[in-house]
Amino acid sequence: MRSSELGELAAFAAIAREGNFRRAAAQLELKPSTLSSAMRALESRLGVRLLNRTTRSVSLTEAGQQLFATLAPALEEIDAALETVNGFRAHPMGQLRLSVPRSVAASLILPLFRRFSERYPDIVLELAADNGFVDIVKEGFDAGVRLGESVAPGMVAVRITPDMSRAVVGAPAYFARHPPPQTPHDLRMHNCIGYRKISSGELHRWAFAKDGETLNIAVRGNLILDDAGLMLNAAADGAGLAYTADRYAAPYLADGRLLRVLDDWCPPFPGFYLYYPGRRQISAALRALIDALKVA
């Protein structure tokens, strides 16, 4: 196989994953026109149409679907083979694509990035900050970060934070107007800031446990958000009570912008894990990032 043919197949796979010429071109660092020419050349050489193109979207034909189903694992094997030489380099290198919640990107990964990039200047780290659940294999990510309870089966998971617990928090000004809840049942008398799950569209229920009793409360309020940082900011402004991980609330609690209630109803749970497909050989670049996160 000529190198140009392998390049055309890799370009086709990128388009198939992204469903968009511009995004695929950006991932491959090519111009969209160059990518389009490569696809025309591939289709001409194979004598079959692989892509259905419109002005707004790109989809696979039946032939394209069959080719991609066979091609994607083969390209993964090629990437894995190339990664075996990483151990012979003086420094890990290459591009890492991670799917992470926005709160993790802001509170965990970005604070250590400067130190990480100084040690590994040849690694390019790309973060897709999204609170929804992502199929990292289908979407072409090297790894993802999610709570341990949310990691899909078949993945290798590496713990990168200690156990966490939930925290119910409100501003001092809010509690000056409303008596603090003594049990989760008291939340029905409070304005609670809702959290909308991006992946399912459901409103998150507030979970509590104490002395063998577990509760899942469908709270009510006049504000619904989809980001922990926004919820904490709103709570600090006195908009209502927020329910989030204690590590995110910690800075607000430390400086007095928020006060915590119902501590004894919020037991610990497994924290965040970085995960990647178990069948894939881990790259030197990903190993370097895992090591940095484990000691962060």
Trainee: Ignoring hydrogens and geometry, is there a side-chain-to-backbone donor-acceptor pair from Ser165 to Pro268 under 3.5 Å?
Mentor: no
Trainee: For Asp263, give me all partners under side chain to side chain donor-acceptor pair (under 3.5 Å), at least two apart in sequence or on another chain.
Mentor: Arg260
Trainee: Okay, side chain of Arg146, backbone of Phe272: is any donor-acceptor separation there less than 3.5 Å?
Mentor: no
Trainee: Are Leu112 and Val124 connected in a single hydrophobic cluster, I mean Ile/Leu/Val/Met/Phe/Trp/Tyr linked by side-chain heavy atoms less than 4.5 Å apart?
Mentor: no
Trainee: Going by the rule ring pair (Phe, Tyr, Trp, His ring centres under 6.0 Å), which residues pair with Tyr275 if we only count those two or more places apart in sequence or in a different chain?
Mentor: none
Trainee: Is the closest basic N to carboxylate O distance between Lys210 and Asp264 below 4.0 Å?
Mentor: yes
Trainee: Mind checking ring pair (Phe, Tyr, Trp, His ring centres under 6.0 Å) for His185 and listing every partner two or more places apart, or none if nothing turns up?
Mentor: none
Trainee: Taking salt bridge (charged side-chain N to carboxylate O under 4.0 Å, His left out) as the test, write out the residues that go with Asp246, two or more places apart.
Mentor: none
Trainee: Determine yes or no for a side-chain-to-main-chain donor-acceptor pair under 3.5 angstrom, with Glu139 supplying the side chain and Val137 the backbone.
Mentor: no
Trainee: Any salt bridge between Glu8 and Arg45, counting N to O under 4.0 Å?
Mentor: yes
Trainee: With no hydrogens and no angle check, is any side-chain donor or acceptor of Tyr273 less than 3.5 Å from a backbone partner on Val156?
Mentor: no
Trainee: Between Asp227 and Arg102 (salt bridge meaning N to carboxylate O under 4.0 Å), is one present in this structure?
Mentor: yes
Trainee: Using the rule that two of Ile, Leu, Val, Met, Phe, Trp, Tyr join whenever any of their side-chain heavy atoms come within less than 4.5 Å, decide whether Leu46 and Leu71 are in one cluster.
Mentor: yes
Trainee: Among Ile15, Leu42, Thr61, which residue satisfies the side chain to side chain contact (heavy atoms under 4.5 Å, CB included) criterion with Leu51?
Mentor: Ile15
Trainee: Quick one: list whatever passes side chain to side chain donor-acceptor pair (under 3.5 Å) with Arg188, sequence neighbours left out.
Mentor: none
Trainee: Taking Thr34 for its side chain and Leu30 for its backbone only, find out whether a donor-acceptor pair lies under 3.5 Å.
Mentor: no
Trainee: List the residues meeting side chain to side chain donor-acceptor pair (under 3.5 Å) with Asp163, not counting sequence neighbours, and say none if there are none.
Mentor: Arg159
Trainee: What residue pairs, at least two apart or across chains, pass salt bridge (Lys or Arg N to Asp or Glu O under 4.0 Å) with a residue in residues 164-186?
Mentor: none
Trainee: According to ring-ring contact (aromatic ring centres under 6.0 Å, His included), does anything in residues 210-266 pair up with another residue at least two apart or in another chain? List the pairs.
Mentor: His204-Tyr243, Trp206-Tyr243, Phe208-Tyr243
Trainee: Residues in side chain to side chain donor-acceptor pair (under 3.5 Å) with Arg257, at least two apart?
Mentor: Asp255
Trainee: Could you check whether Arg40 and Ser44, counting side-chain N and O atoms only, form a donor-acceptor pair closer than 3.5 Å?
Mentor: no
Trainee: State whether the side chain of Ser107 and the backbone N or O of Ser103 hold a donor-acceptor pair below 3.5 Å, judged by distance alone.
Mentor: yes
Trainee: Could you pull out all residues at least two apart from Lys31 that satisfy salt bridge (charged side-chain N to carboxylate O under 4.0 Å, His left out)?
Mentor: none
Trainee: Going by salt bridge (charged side-chain N to carboxylate O under 4.0 Å, His left out), name the residues that satisfy it together with Arg23, two or more places apart in sequence or in a different chain.
Mentor: Glu18
Trainee: Assess whether a salt bridge exists between Glu43 and Arg49, defined as any Lys/Arg side-chain N lying under 4.0 Å from an Asp/Glu carboxylate O.
Mentor: no
Trainee: List in chain and number order the residues that pass salt bridge (charged side-chain N to carboxylate O under 4.0 Å, His left out) with Glu118, two or more places apart in sequence or in another chain; answer none if no residue qualifies.
Mentor: Arg114
